[in-house]
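Report on the following structure.
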Amino acid sequence: MPPKRKGTGPAGGRPSKRVASGVSTPKSMVSDDDYSEGDESSEMLSEREAPTKYDSVVKKYQPSTYQKPQNAKSYGDAASHLFKPKRDFFSEPLKPDHHLRPLWISPHNGKVVLETFAQGFKQAQNFLINIGEPQSRTTNMHEYTISPNSLFAAISVGLTEQDIIRDLELFSKTKVPQNIIDFVREVSQSFGKIRLVLKHNRYFIESQDTAVLQRLLRDPVISSCRVQDSEELRTEKAAQKGGLIIPGTKDAAGVREAVAQAQQAQKREGDDDESDDEYGGKEAEKDMTDFLREEEDDDEVDQVHSFEIDGENIQLIQEHCSTKLGLPLTEEYDFRADDANATLDIDLRPNVQIRYYQEHALSKMFGNGRARSGIIVLPCGAGKTLVGITAACTVKKSAIVLCTSAMSAVQWKEEFKKWSNINPEDIAIFTSGEKEKLNQKAGVIICTYSMVTQNTRRAHDSKQVMDFITSREWGLMVLDEVHVVPAEMFRRVTNRIKTHSKLGLTATLLREDDKIKDLNFLIGPKLYEANWLQLSEEGHIARVQCAEVWCPMTTEFYSEYLQAKTTNKRSLLSTMNPRKYQACQFLIDYHEKRGDKVIVFSDNVYALEKYARGMTKPFIYGDTSQREREIVLQNFQQNDAVSTIFLSKIGDTSLDLPEATCLIQISSHYGSRRQEAQRLGRILRAKRRNDEGFNAFFYSLVSKDTNEMYYSSKRQAFLVDQGYAFKVITHLKGMENMKNLAYNTQQDRMDLLQDVLLQSETAGDVEDIKDDLFSDRNVARQKKKGGVRRQAGTLSSLAGGEDMAYMEYARGSNANKALAKPRDAFFRKEDRLKERKKKAAQALLD
DNA sequence: CAGCATGTAA
DNA sequence: ACAGTTACATGCTG
């Protein structure tokens, strides 16, 4: 039996650490969902949705004999029910050779636990990645959930119902429960029935089964989206399938020349050329590839039927089919048979070899010779861009790449030029800053989400480019940082751009809201998710030591903390905790001496400035201009004198700093798991990662007995599930001996406290009186929005306010004299603000 | 081109 | 669950 564990500590207390050392425990093998209070942290593309037909299917997991203790709530604390006698979930006898089989399958909730030390682990893991959602992958135990969506993904990748049941039986230590088998049956039979097909700029729902289509046409939502004057059902010959080789693999390198002619003749024989030594004797991968190939000819039907639907309502239809009807629309693009769209001359450069997991991921996408829409999850620094580019090189049709910022658009273009032989004229950037034209029949265009989703106020030239984008058909759409797509605005892209296939890429398929599941119908199933731990063991990403440093609050700060009314003031006090400052100072000093390059993250801009100025280090935040950012970043990378930089949350995403090897977090956004993971991602591509014994460091500084403790544990959930172990450090050895430790006297700490309180007031209530003059723009904006413009206070209160604010800024500009080279730039903002305020005050007096 | 206003994400 | 904060992209204006 796996060891028992429960995620909640004593009532009202902080949830206990999931993993305190390298030893891991599965998250909920013994606890049914009903038991685990607030433990939905690892729920990704899961089954929890609005009630649907599928709930009844999922419900079958819960046998009627199993009941939650009726008095679960009446124990009075969160833990004691765990010690009540419980039903043994594994009453089923073990198979005689169970020690050869690595899997525990719970009959109650679709959860599966995999022993990493057992024989056959690798094969079982590859199988589970296909059919389940990884929930937690720690050193000794991996836990997966089998849900309708995960099964859809498995089937879309080519597994059959029989494969799944056969292999579950093969790996399981006990006989596979009948309800699990029934569940797999039921789900697989409804998947893949209907497909969404784009032809000549028109959308069709296609199926081999006319009965299913008739059923859809009777559905009010679907029928209202049908193009009315089109023929009811069209019938045509089904397309042929065949083998395919993904560029960048060894096979491809060997046979690239021959491919063009061979492709036609090559059907199944072609597949046999596949050399297995690519995988270094990993039989598991071979099994996997076999799975993918099996589905070829069996149920080949000659005819397909379809009806046309309105392209404007694609999203509505996809959502309806997937969540209401339980018949997800799959998208597969038979790009080699498409001669309506021009072929793009693009290939990977001859010497480019993609890594095995990239190939693995792509083989899921192109497993049956067509391009399936779906999502690939790879950690930061593991080469997501190259996966996207290789996909484009495989499809060889016009492609559109969407990314979140103009900066990453430029990076994508660079990568395209670096990895592929694309003609520079065939690739264009479309952002607010740059509007390159694409004249060729086929090409690659890279743009930002907002450029595509904005409807109002569009400059003339960008309207032109938009028309170009919307009017044509795209072979492939690559969605970078695909976890942003469910956002209200960004999800429009799938409606607006007509594309045959979509590939979503992300490192963190996580949102703190529950919209992440929408990606199932917006983009497609998750095709592949890499194992972070495995990649770092193999040296593809850096090994990281994670630690949470507990800093006690000083008495002054803690008593203020307890009195503070707003969460804002509280969080400010806990990030400004002098002991935390000292810990930060000590860690920076320690790591600089080791020769590390350190990044310090703070969400709070005030704290960012205060820390950075106090330690005379450069910092970057939102208002730092582009040029200044470049100067700082360049110095950080090349100048040995600049070993530490401070970043606000601009550094969370898409900042490429391969020099950085140590990361310290002093303030963060509540319990955002995505932020935590992405920050960690900043050091995963460390240049030195393959040095002997190299380790990157990730510290989270947490003020003891504050909200930070709680948030910190939430934030870590994702990384813990990826197998990272957070060490708790309560005492930094040698800190008390450090010279020049700041805030070592009572007086200094009181001064700091005063400063913090002043700050929290200027940012808080006092603001109300003088908001017209001194507020930041959002407060002003909100006031305007509500139509309530507040009367300015008396002149004296104004003057007082102004003086206070002025003092702040004046102090800032004095302090900056001590700073090194690129400093001046940092403080320009204050000057601007000062000017603005003066002007505003003047205007008011007039 | 800088600066501003607006909309949006997380 | 909610509001608040920070950052970004974009188009308009002088």
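Each chain gets a letter, A, B and so on, in the order its sequence line appears, and its residues count up from 1.
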side-chain contact (heavy atoms from CB on, under 4.5 Å) partners of A/K417, counting only residues at least two apart: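 side-chain contact (heavy atoms from CB on, under 4.5 Å) check on A/K417 returns A/K413, A/E414.
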Tell me every residue that passes side-chain contact (heavy atoms from CB on, under 4.5 Å) with A/P578, counting only those two or more places apart in sequence or in another chain.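 With neighbours one apart ignored, the set is A/T554, A/F557, A/Y743, A/R749, A/L752.
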Rounded to the Å, how far apart are [X] [atom1] and [N] [atom2]?
X	N	atom1	atom2	answer
A/D652	C/dT6	CG	P	14 Å
A/D514	B/dA10	CG	C1'	15 Å
A/K435	C/dG11	NZ	C1'	9 Å
A/R627	B/dA2	CZ	C1'	11 Å
A/D623	B/dC4	CG	P	11 Å
A/Q678	C/dC8	CD	P	13 Å
A/F490	B/dA10	CZ	P	7 Å
A/H669	C/dT5	NE2	C1'	8 Å

With respect to the side chain of [X], which nucleotide from [options] is positioned closest?
X	options	value
A/A487	B/dA10, C/dT10, C/dA7	B/dA10
A/T431	C/dA7, C/dG4, C/dT10	C/dT10
A/N568	C/dT5, C/dA7, C/dT10	C/dT5
A/S450	C/dA9, C/dA7, B/dA9	C/dA9
A/V605	C/dT6, C/dC8, C/dG4	C/dT6
A/S432	B/dA9, C/dC8, C/dA9	C/dA9
A/T448	C/dA7, C/dA3, C/dA9	C/dA9
A/V484	B/dA10, B/dA2, C/dC8	B/dA10
A/M451	C/dT6, C/dG11, B/dA9	C/dG11

Between OG on residue A/S700 and CZ on residue A/F726, distance to nearest 0.5 Å: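 With rounding to 0.5 Å, OG (A/S700) is 6.5 Å from CZ (A/F726).
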Taking any heavy-atom pair under 4.0 Å as a contact, classify [X]: base, sugar-phosphate, or nothing.
X	result
A/R492	nothing
A/D603	sugar-phosphate
A/T567	nothing
A/E488	sugar-phosphate

Contact under 4.0 Å: A/T566 side-chain N or O vs C/dG4 OP1/OP2: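 Checking A/T566 against C/dG4: no side-chain N or O falls below 4.0 Å of OP1 or OP2.
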Counting only side-chain nitrogens and oxygens, does A/R674 get under 4.0 Å of the OP1 or OP2 atom of B/dA10?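 Checking B/dA10 against A/R674, no side-chain N or O comes under 4.0 Å of OP1 or OP2.
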Do A/I314 and A/T494 come within less than 4.5 Å of each other through their side chains, counting heavy atoms only?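 Not in contact.
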Can a donor-acceptor pair be found between the side chains of A/D652 and A/Q678 at a distance below 3.5 Å?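 Per modelled atom types, A/D652 and A/Q678 side chains form no pair under 3.5 Å.
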Test A/S712 against every option in A/Q716, A/R715, A/K714, A/E708 by the side-chain hydrogen bond (donor to acceptor under 3.5 Å, both in side chains) rule and name the one that passes.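 Output: one option passes, namely A/Q716.
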